[in-house]
Amino acid sequence: MSFRVLLDEIRTNLLQVTTRLQIPEVSFTLEPAKSEFGDVTCNIAFLTSKHLKKRPYDIAKLISDEYQKNLGTLVSKVEPHQSGYLNFYANNAQLNRLVINAAKDAIYGMVDIGKKSRVIVEHTSVNPNKALHIGHVRNVVVGDTIARILSKANHDVVVLNYVDDSGLQVADIIVGFKHLGFSETPPDGQKFDNYCGDEVYVKTTEQYAQNKSLEEIRNNILKELEDGRSDIAKFGKSVTNRVLAEQLKTCWRLGAYYDCLNFESEIVRSHLWPDIFEKLKKMNLIKYESEGKNAGCWVILSQDEDKVLVRSNGTATYIAKDIPYAAWKLGLVDDPFYYKKYSVQKNNKVLWQTTLEENRDPKQHFRSNVVVTVIDSRQARLQNIITELISKFDSSQKSYLHLGYESVTLSADTANVLGIDTKGKNTQMSGRKGLYINADSVLDMLEQKTIDETKKRNPDLSNESLHEIASKVAVATLRYEMIKQDLDKIITFDYSKSLSLDGDTAPYIQYAYARAVRILEKAQAKPDFEASYELLDSEYETNLVKLIGRFDLNVEDAANNLSPKVIAKYCHNLAVTFNVFYEHVKVLDSENADTVNARLCLVHSFKSCLENALNLLGIETPSRM
RNA sequence: GGGCUGGUAGCUCAGCUUGGACAGAGUGCUGGACUUCUAAUCCAGUGGUCAAGGGAUCGAAGCCCUUCUAGCCCGCCA
């Protein structure tokens, strides 16, 4: 129960009023108002103005006079505004009680959009030949946040991570290990994924320019990888598994968790592709080209340019691996996989992996009618082709959705630090060239910065507490930077600007939380929720209550639009409103015991609501910092 | 050449889906507030022909069209 109750009450009463006044039915909107215009605002007068041949203000006046006769329980005043809006003022005491009591509950903010229906969210899907850089982090964080938001909207969410362990990039590092003499053990202390990406991959790809014979070696390795039985394939599997294990450490450090790892090598080796291939032929969705530039190839018939699916030498292209996977996710083909436990994650969820070998672990069901795939928007064209093909392949309720996002680039200054002169322009990162910022290194820097700051304010804290706080703040800062803006905005990473802890950042929000915790700690008694809520009557208090009350409206918005930033903005807004309250209202020094208690209730509900909302962003809440 | 996405304050961005009340934050800059529930904070000031032009509308940052501009994508690579 929340602000929504107020909206519902007004809608019901307004409908009665308009019926009585014989105002035609129109689909008016009721929405939270800016504070100087009451609490809820309605545009009905604009919509009916033409039909009634009256000025909007006169209609608003008419309606408000009628509404005023019977205000209901949650409204204290209705007013027409000169502009034509109809403004409603809440009965604060009633609303305070309602919101503050609701917000302390853990399920607060839940909205039932999903009705428990399943949604697959696939994200991360980093090639297992390198460590995560900050571009990958955007994918992980967007995907993980979307998964959390959809769960809050009562979807049954399954999170998949696709491991492309049979691609060219893996072949590259095998060339490095087997033909260029790179040691299989990284130098002391270096993570294996860093070593593979920074050393083996970068230096091996450098060699191709000078040594053309290496490319042929690589192509042979690629073929052996796809076959799966060779020694090279086994070696590849062991290397990619080692890289994957290290990548997952970074993902878990970021607070992202998964349900299942899907390996491309297994999709390739299953019968999925030949099955789909035959079906596509029968349905005339693909075509064999006997002449032209694609002679000898099977191509996808698309509104766009035709896309080669099977090369003239009979091998499948990249997109031909994605189609069976998409079909598998949507349950359009029989499931050829067995499942085994990969590990139990920090959040106590089991992480499964696919396997083609029969085993004793129970069969899992990780498929769904709705699939959201998080991939950067550079791949939009290919993803559209897949979406189009799937919709022709199965015209039922299946929905394959590409959630795209813009890339993370480096500022000119930061590129300079890495030794590249970009002439003052931002630049795309490149794994191949070694031009990227490692994710763990950013977290390490943020942790160090946080430790320095926290020590200044809390000299008495133990080392252990300091590190725990630093970890929470560092992860939060990076995650927040990755989702606070829209998905279609390029993020420019800059060492000095992106590591800030002031202003519109996660630490600002976490700091508000810590302040609330301290008030509750220092209070003489726990809040008693049978409180005198009418005492919370300053704008600092009522503004905070009303914002807390809007949590579920924001969850709904974020879930419907797959927009994580909505929740980020909400959390920031909540923190701002609390900080203003904090500076102007002294909770523990209030005039009398009843006021202290009422305010403690508010602080408690704020804390609970913020924790709840931050949880959707994968941001944890330190009680001191 | 074709396709996708962006262009709002010096800088980074909200607002656009669902048109309506003086276009909002952060940051920067100028000044102010810690013997007080943590100043990672707060308060005040500064700063905008909403890229340009046209159109439909009583009304446009928002909708439609055109243009300019920036980025990305257009391989029998993945």
Side-chain angles (χ1 to χ4, degrees), chain A residues 27 29 31 33-34 36-37 41 43 45-47 49-50 55-56 81-85 87 127 164 166-171 222 264 289 293-299 304-305 307-319 321-322 376-382 384 404 406-407 409 425-426 428 450 453-454 456-458 473 484-492 494 497-498 500-512 514-523 557 560-561 563 565-566 569 572-573 575-576 579-580 582-590 599 603 624-625:
Chain A
S27 56
T29 59
E31 52 193 20
K34 290 186 206 166
E36 66 264 44
F37 300 119
T41 190
N43 65 350
F46 296 108
L47 302 177
S49 158
K50 199 176 227 173
R55 286 166 51 214
H81 186 270
Q82 271 311 327
S83 60
Y85 277 107
N87 294 331
N127 284 327
D164 179 2
S166 62
L168 202 67
Q169 299 204 4
V170 171
L222 197 56
E264 181 174 271
E289 294 281 1
K293 62 170 184 164
N294 293 333
C297 300
W298 284 90
V299 299
D304 233 36
E305 235 173 320
K307 187 81 200 159
V308 172
L309 196 60
V310 176
R311 304 182 183 101
S312 52
N313 69 2
T315 57
T317 61
Y318 163 76
I319 195 166
K321 294 175 183 175
D322 255 22
D376 75 87
S377 46
R378 284 174 295 194
Q379 300 211 43
R381 180 184 286 257
L382 285 169
N384 279 339
E406 273 293 347
S407 44
T409 65
K425 290 176 84 174
N426 297 343
Q428 292 274 337
T450 305
E453 292 295 314
T454 309
K456 276 190 229 162
R457 298 168 175 80
N458 304 276
V473 172
K484 76 172 175 185
Q485 60 283 85
D486 230 325
L487 299 178
D488 57 18
K489 286 286 195 303
I490 295 170
I491 294 178
T492 304
D494 181 272
K497 288 177 191 155
S498 303
S500 165
L501 307 180
D502 302 322
D504 184 9
T505 64
Y508 173 92
I509 301 168
Q510 290 173 312
Y511 185 69
R515 282 177 145 181
V517 169
R518 293 293 272 178
I519 293 176
L520 294 166
E521 270 176 17
K522 293 200 169 177
D557 184 2
N560 282 335
N561 294 304
S563 181
K565 127 201 117 181
V566 170
K569 295 276 168 222
H572 180 251
N573 219 335
V576 169
N579 274 331
V580 172
Y582 182 95
E583 297 282 346
H584 294 91
V585 180
K586 296 291 167 224
V587 175
L588 300 179
D589 288 339
S590 303
R599 287 176 176 166
V603 171
R624 289 181 69 176
M625 60 187 282

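Quick caveat, the model's predicted, so the values are computed rather than measured. Labels below follow one simple rule: chain letters A, B, ... track the order of the sequence lines, proteins then strands, and each chain is numbered from 1.
- When the nucleotides B:U17, B:C22, B:C37 are ranked by their closest atom to the side chain of A:Phe37, B:C22 comes out on top.
- Residues A:Pro507 and A:Val473 come closest through the heavy atom pair CG-CG1, 3.9 Å.
- Judged by atom type and distance alone, A:Gln379 does not reach the base of B:C72 through any side-chain donor-acceptor pair under 3.5 Å.
- For B:C34, the base adopts the syn conformation, since its glycosidic angle falls within 90 degrees of zero.
- Under the Watson-Crick or G-U wobble criterion, with both distances below 3.5 Å, B:C37 is left unpaired in every strand shown.
- Comparing the same atom, P, in B:C74 and in B:C29 gives a spacing of 42 Å after rounding to whole Å.
- Contact of A:Thr41 with B:A21 (side chain to base): a donor-acceptor pair of N or O atoms is detected under 3.5 Å.
- Between A:Gln428 and A:Arg378 the shortest side-chain heavy-atom distance falls below 4.5 Å.
- As rounded to the nearest Å, B:A21 and B:U27 have P atoms that lie 27 Å from one another.
- Candidate nucleotides B:C37, B:C72, B:A40 were compared by shortest atom distance to the side chain of A:Gln428, and B:C72 ranks first.
- Proximity of A:Tyr318 to the phosphate of B:A78: no side-chain N or O atom is located under 4.0 Å from OP1 or OP2.
- Figure legend. B:G24 is base-paired to B:C13; pairs are counted as Watson-Crick or G-U wobble with both atom distances under 3.5 Å.
- Here B:C29 sits opposite B:G45 as a Watson-Crick or G-U wobble pair (both hydrogen-bonding atom distances under 3.5 Å).
- Within the 4.5 Å cutoff, the side chain of A:Leu501 has no heavy atoms near those of the A:Tyr508 side chain.
- Between A:Arg624 and A:Glu521 there is no salt bridge, since no side-chain nitrogen of the basic residue lies less than 4.0 Å from a carboxylate oxygen of the acidic one.
- For B:U12 and B:A70, the P atoms lie 16 Å apart once the distance is rounded to whole Å.
- Judged by closest nucleotide on RNA chain B, A:Ala380 is the one of A:Ala380 and A:Ser312 placed further toward the 5' end.
- Between A:Lys307 and B:C76 there is no side-chain N or O to OP1 or OP2 distance below 4.0 Å.
- With both pairing distances under 3.5 Å, B:U66 is matched to B:A52 as a Watson-Crick or G-U wobble pair.
- Nucleotides B:A33 and B:U49 have their P atoms positioned 33 Å apart, rounded to a whole Å.
- Between A:Arg311 and B:A78 there is a side-chain polar atom (N or O) within less than 4.0 angstrom of OP1 or OP2.
- Ranking B:C76, B:A21, B:U38 by closeness to the A:Met625 side chain, first place goes to B:U38.
- For the C1' atom pair drawn from B:C11 and B:U46, the interatomic distance equals 15 Å after rounding to whole Å.
- Rounded to whole Å, atom P of B:C13 lies 12 Å from atom CG of A:Asp494.
- For the pair A:Arg457 and B:A39, the criterion of a side-chain N or O lying under 4.0 Å from OP1 or OP2 is not met.
- Both geometric conditions, a ring-centre gap below 5.5 Å and a plane tilt below 30°, are not fulfilled together for A:Tyr508 over the base of B:A40.
- Taking the P atom of each, B:C4 and B:C65 are spaced 12 Å apart, rounded to whole Å.
- Taking for each of A:Lys522 and A:Leu487 the nucleotide of RNA chain B with the nearest heavy atom, the 5'-most of the two is the partner of A:Leu487.
- Annotation: B:A9 and B:G15 have their C1' atoms spaced 15 Å apart (nearest Å).
- The distance between atom CD of A:Glu406 and atom C1' of B:C4, rounded to the nearest whole Å, is 9 Å.
- Between A:Lys425 and the phosphate of B:G71, there is a side-chain N or O to OP1/OP2 separation shorter than 4.0 Å.
- With hydrogens and angles left out, the side chain of A:Asn579 and the base of B:A40 share no donor-acceptor pair within 3.5 Å.
- Across all strands shown, B:G1 forms a Watson-Crick or G-U wobble pair, both distances under 3.5 Å, with B:C74.
- Of the candidate nucleotides B:A40, B:C42, B:U5, B:U5 has the atom nearest to the side chain of A:Asp488.
- Closest approach to the A:Thr450 side chain among B:A40, B:C76, B:A14 is made by B:A40 (side chain taken as heavy atoms from C-beta onward).
- Across all strands shown, B:A60 remains unpaired; no Watson-Crick or G-U wobble contact has both distances below 3.5 Å.
- The base of B:C72 does not come close enough to the side chain of A:Ser377 for any donor and acceptor atom to sit less than 3.5 Å apart.
- Rounded to a whole angstrom, the distance from the P atom of B:C22 to that of B:C13 is 29 Å.
- Listed pair A:Lys34 / B:A23 fails the phosphate criterion, with no side-chain N or O lying under 4.0 Å from OP1 or OP2.
- To the nearest angstrom, P of B:G59 lies 10 Å from NZ of A:Lys50.
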